[in-house]
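Written below as structure tokens is the structure these notes are about.
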There are 2 protein chains.
Amino acid sequence: MVKHMKMEKKSIETQENILNAARIIFAKKGLSGARMQEIADHAGINKALLHYYYRNKEKLFEQVFEEAFKKLIRPLGAFLTDDSELFQKIRNICKLYNEVLTKYPFIPNFVINEMNIDPSRILNLLDIGGVKEGKIKTAIQINEAIKTGMIRPIDPRELILNIISLSVFPFASRPISEQFLYKDEDMDEVLKSRADGVAEFIIQSIKI
Amino acid sequence: MVKHMKMEKKSIETQENILNAARIIFAKKGLSGARMQEIADHAGINKALLHYYYRNKEKLFEQVFEEAFKKLIRPLGAFLTDDSELFQKIRNICKLYNEVLTKYPFIPNFVINEMNIDPSRILNLLDIGGVKEGKIKTAIQINEAIKTGMIRPIDPRELILNIISLSVFPFASRPISEQFLYKDEDMDEVLKSRADGVAEFIIQSIKI
DNA sequence: ATCTAATTTAACCAAGTGGTTAAAAAAACC
DNA sequence: GGTTTTTTTAACCACTTGGTTAAATTAGAT
């Protein structure tokens with residue numbers, strides 16, 4: 001990306017291999033637990049080449065983290081800026097989070113944990129996907145729905161946090177939930193088929 | 001604990017200091033991110049003494065993890081084995097989790113993350129607090145409540161997972177929720193006052 | 001005061017870590 | 001086939017890390 005004029009085929013493929021390996025290893029072991037050697041092995045290359053493409057561990061991690069963080073926040077932004085009617089919006093975000101997290105199940109745990117270790121990591125990434133304005137907009141919409149008697153009174157932020165909790169936590173807590181709740185079952189299938197139930201659970205809880 | 005016949009006052013205090021330091025550092029940085037030197041510093045002692053009381057990092061970590069894991073699972077066990085009527089049970093667990101996690105807010109993230117890195121860590125800790133039998137008992141109770149028309153049809157495990165999600169996720173995801181939902185507010189206060197609302201949210205969603 | 005346990009000091013070690021380097025080899029490109 | 005880029009090899013480095021050791025010091029208990 002930086003020091004080569006011609007971007008050859010093999011080179012791009014290698015960089016993609018590195019990123020894929022980094023995604024897997026970092027998500028599994030975190031920044032401090034991941035080893036550059038392991039990432040190189042997983043990418044099918046050697047350490048020298050890994051450092052040839054990515055200056056250092058921190059830079060590689062930043063790229064992987066930023067990408068994961070966006071994947072986690074964008075559905076929230078999509079929900080908050082969604083113009084649909086409230087109940088439909090709720091169905092939409094449940095479905096969207098379910099799709100995204102089925103595809104990238106390690107993201108919630110990974111992002112939350114690294115943010116916990118170093119909250120400053122997020123500083124360059126505020127206001128992604130229009131969350132800021134969307135939040136205000138959706139809060140107004142919820143308060144309207146309360147006024148018109150469509151839903152019972154509830155703090156908009158509480159409702160939003162409940163929606164996210166129900167959508168995201170089962171993925172983040174998978175190893176625990178699997179052990180204590182869904183032992184011997186296909187947790188992938190369980191999680192995938194949750195989306196509709198979650199949306200109805202939320203709607204039931206607020207509608208009058 | 002091991003090599004001394006007399007357990008003097010100072011000794012016990014030091015061991016407690018070590019454990020407290022270990023709880024904080026491990027919860028913040030995880031097993032791989034924590035440094036024995038940092039734990040020693042935080043405990044106000046030196047590395048030699050740290051190793052004098054705790055043979056190695058792994059042993060110290062195991063003790064801290066097991067303790068945290070139990071703190072996280074016991075409320076679930078208490079809920080599942082609770083003899084109260086269903087709605088009261090739900091109010092009880094919401095309140096209990098809120099109290100426990102207000103006191104130990106780092107536990108969810110810590111336990112979930114370390115389980116994600118090494119799921120085998122839990123193997124000696126299965127069936128804590130009567131979760132196993134309690135699960136069956138509560139499932140029966142929920143199915144009864146459905147039959148008698150007290151609540152709408154729902155998979156018992158889905159309901160349980162929803163309860164846990166709503167109770168635990170806001171604590172686990174605090175750095176993110178704070179940033180995007182409750183900016184500039186006292187998140188401690190917000191979390192503390194959530195318990196009642198959460199219980200009603202759940203009850204509203206299932207009652208007929 | 002004396003004996004024992006708790007703690008410090010300070011040096012040390014082996015293994016692992018992120019990262020570098022230079023030269024050789026392999027592959028892609030024209 | 002010659003040039004350029006990609007990749008490997010392999011050695012190397014400085015630093016960190018978990019862990020150890022032995023002797024000296026401090027504090028507690030009786």
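First the proteins, then the strands, lettered A, B, ... as listed; each starts at 1.
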Can you find an N or O donor on one side and an acceptor on the other, under 3.5 Å apart, linking the side chain of Lys57(A) with the base of dG19(C)?
-> no
Side-chain N or O of Tyr52(A) less than 4.0 angstrom from OP1 or OP2 on dT6(D)?
-> yes
Point-to-point distance, once rounded to the nearest 0.5 Å, from CG of Asp188(A) to CD of Glu178(A) = 8.0 Å
Calculate the interatomic distance between Lys47(A) atom NZ and dA10(D) atom P; express it in whole Å.
-> 15 Å
Report the distance from atom NE2 of His51(B) to atom P of dT17(D), rounded to the nearest whole Å.
-> 13 Å
Report yes if at least one side-chain N or O of Tyr53(A) is closer than 4.0 Å to OP1 or OP2 of dT7(D); otherwise report no.
-> yes
N/O donor-acceptor pair under 3.5 Å between Thr138(A) side chain and Leu80(A) backbone | yes
Find the distance Lys59(B):NZ to dG18(D):P and express it as a whole number of Å.
-> 17 Å
Over how many whole Å does the gap from Tyr54(B) atom OH to dA6(C) atom P extend?
-> 13 Å
Short side-chain N/O contact to dA5(C) OP1/OP2 from Ser11(B), under 4.0 Å = no
Is Glu66(A) salt-bridged to Arg121(A), going by a charged N under 4.0 Å from an acidic O?
-> no
Could you state the interatomic distance from NZ (Lys183(B)) to CZ (Phe180(B)), rounded to the nearest 0.5 Å?
-> 8.5 Å
Is Thr14(B) near enough to dT7(C) that one of its side-chain N or O atoms lies under 4.0 angstrom from OP1 or OP2?
-> yes
Starting at atom CE of Met36(A), determine the distance to atom P of dC15(D), rounded to an integer number of angstrom.
-> 19 Å
How many Å lie between CD on Gln37(A) and C1' on dG18(C), as a whole number?
-> 11 Å
Which is true for Ala40(B) with a 4.0 Å heavy-atom rule: it touches a base, it touches only sugar-phosphate, or it touches nothing?
-> nothing
Closer than 4.0 Å, any side-chain N/O of Arg35(B) to the OP1 or OP2 of dG18(D)?
-> yes
Euclidean distance, atom CG of residue Asn56(A) to atom P of dC13(D) [Å, nearest integer] | 22 Å
Spacing of Ile12(A) atom CD1 relative to dT5(D) atom P, expressed in whole Å | 15 Å
Mind checking whether Phe201(B) and Phe201(A) have parallel, tilted or perpendicular rings, split at 30° and 60°?
-> tilted
Sugar-phosphate only, base, or nothing, as touched by Asn46(A) at under 4.0 Å among non-hydrogen atoms | base
If you find the nucleotide of DNA chain C closest to Ala48(A) and the one closest to Leu31(A), which residue's nucleotide is nearer the 5' end?
-> Leu31(A)
